[in-house]
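Please read the structure below before turning to the comments.
In what follows, every heavy atom counts, from backbone to side chain, and hydrogens, waters and symmetry copies are set aside.
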Amino acid sequence: MFGASFVAPVLMGLDPNLAIMMSGVATAVFLLATRGRVPSYLGCSLSFVGVAAVIRAQGGSSATVTGAVFVVGVALFLVGLAVQRFGARIIHAAMPPIVTGAVVMLIGFNLAPVTAATYWPQDQWTALLVMLFTGLAVVCLRGFWSRIAIFLGLVFGYAVSWVFDRVFGQIHSMDATGKVTDHWRLDLSAVGQADWIGLPSFHGPSFEWSAILVALPVVIALVAENAGHVKAVGEMTGDPLDDKLGTAISADGVGSMLSTAVGGPPNTTYSENIGVMAATRVYSTAAYWAAAGFALLFGICPKFGAVVAAIPGGVLGGITVILYGMIGLLGAQIWINAKVDLRNPLNLVPAAAGIIIGVGNVSMEFTDNFSSAASRSARSSSSPATTRCAPSPRRT
């Protein structure tokens, strides 16, 4: 679960300690809401990383990011209520695979400039080695070890960065604030200064219409993800869970609202831990209650959060090349699984137009002060110090 529970909040510029603490709270809420029928651990969907990048590129703060995704949580909760009332058929009617696949694809591919402009330039050789190692881990390892390939890649990246610092000294490149300077690849000074026990940093959300409009389309991807996750768990456990789909979506919404209300990232079901269930064949919700308890303990250990926050930029560069690409290709997998016929103009034309509009950042200007544009990260190498992923501003 390292990717969703730790890397995603770091990429969004949020407190990893608070993120892991609130993932435990959200998981407890989810298990109570589903009455233990749906074993799942909640974490931050990587679908939100692009949203955070765009909002911060517009000058938004952490409060603006959490305010926007709080509204996404509200929308997700309402969708869940609608599914409970009218059944899962409304999801298939409103969001056919051609739509959900295109949205998921754009979420991943639109993050490519973040890797290229923000993380990779910080240490290109470390990024290359981490990318190769993580890719080999995903492809060559089997079972549980393959599932934790992202975590193994991060550990490998820490080790490589430490060795390079000892052998080559400081690197002259862009640091996490976007400034080109001499700096250490792996800076653990904050770890030594952090306390062993303490509360994470809480803050309230701030609501801005421009940020909310950027975030709302993510609801489409989240509903598609959740429906797929619930179906996968039902198939693994032999317990059809279609009747719990609406409850699961609503619980995701409540968990996201609780977390973002205090400054954490949104929390939903995600595929990493469902993959772990498939590998270990452990479907007991007791395991997830235990995991939620451990998350609360890690959340009150600032030293642990400081270790996570110290991930070198070059390491994130190598990890995100694979991570973002995999997100994009999951959209194609949705098309393949649903047997979408792209020879049919009814499918081909809207998908083709939507992808080009999204990737190309096509905009429509209505007045001098208002324009709509596909949300996309700019190809700039500058990023403010408030976040690990904030390219230069773009209108939305």
Side-chain angles (χ1 to χ4, degrees), residues 4-5 8-9 12 14 19 22-23 25-34 38 40-52 54-55 64-96 99-101 103-104 106-107 205 207 209 211-233 241-274 327 330-331 334 375:
S5 293
M12 294 174 69
L14 301 177
M22 294 311 297
S23 73
V25 173
T27 297
V29 170
F30 182 89
L31 294 174
L32 288 172
T34 58
V38 186
S40 187
Y41 189 95
L42 273 63
C44 180
S45 170
L46 290 166
S47 301
F48 288 102
V49 174
V51 170
V54 174
I55 293 174
T64 309
V65 172
T66 53
V69 294
F70 177 91
V71 176
V72 172
V74 174
L76 199 59
F77 173 73
L78 295 176
V79 170
L81 294 183
V83 173
Q84 285 179 279
R85 174 65 179 83
F86 300 105
R89 63 183 182 275
I90 67 169
I91 293 179
H92 304 304
M95 293 181 292
V99 174
T100 56
V103 171
V104 173
L106 282 172
I107 287 172
F207 302 98
W209 276 112
I212 292 171
L213 292 175
V214 167
L216 277 176
V218 176
V219 174
I220 299 174
L222 296 179
V223 172
E225 287 177 358
N226 205 306
H229 296 163
V230 171
K231 182 177 181 180
V233 172
L241 297 173
D242 288 347
D243 60 318
K244 286 293 182 180
L245 178 57
T247 303
I249 294 175
S250 292
D252 278 6
V254 172
S256 294
M257 287 188 283
L258 287 174
S259 180
T260 53
V262 296
N267 287 295
T268 63
T269 59
Y270 60 107
S271 58
E272 285 96 327
N273 276 330
I274 292 174
I327 296 170
L330 283 176
I334 291 174
S375 302

Going by side chain to side chain donor-acceptor pair (under 3.5 Å), name the residues that satisfy it together with [X], two or more places apart in sequence or in a different chain.
| X | result |
| --- | --- |
| Thr268 | none |
| Thr34 | none |
| Thr247 | Gln84 |

Quick one: list whatever passes side-chain contact (heavy atoms from CB on, under 4.5 Å) with [X], sequence neighbours left out.
| X | result |
| --- | --- |
| Val29 | Val254, Leu258 |
| Ala28 | Trp289 |
| Pro205 | Thr66, Phe207 |

So [Y] and [X], do their side chains get closer than 4.5 Å, heavy atoms only?
| X | Y | result |
| --- | --- | --- |
| Tyr41 | Ser23 | yes |
| Thr269 | Phe30 | yes |
| Pro9 | Met22 | no |

*Between atom CG of Leu42 and atom OG1 of Thr27, what is the distance when rounded to the nearest 0.5 Å?*
5.0 Å
*Rounded distance [0.5 Å steps], CG in Leu31 versus OG in Ser40*: 8.0 Å
*Can you pull the side chain to side chain donor-acceptor pair (under 3.5 Å) pairs that have at least one residue in residues 251-265, sequence neighbours excluded?*
Asn226-Asp252, Ser259-Asn267
*Run the numbers on Phe77 and Ile249 for side-chain contact (heavy atoms from CB on, under 4.5 Å), then give the verdict.*
CA-CA 6 Å; Phe77 173 73; Ile249 294 175; over 6 Å; no
Any idea which heavy atoms bring [X] and [Y] closest together, and the distance?
| X | Y | answer |
| --- | --- | --- |
| Ala215 | Val72 | O-CG2, 3.5 Å |
| Cys44 | Met12 | SG-SD, 3.5 Å |
| Ile55 | Ala68 | CD1-CB, 3.7 Å |
| Leu216 | Ala75 | CD2-CB, 4.2 Å |

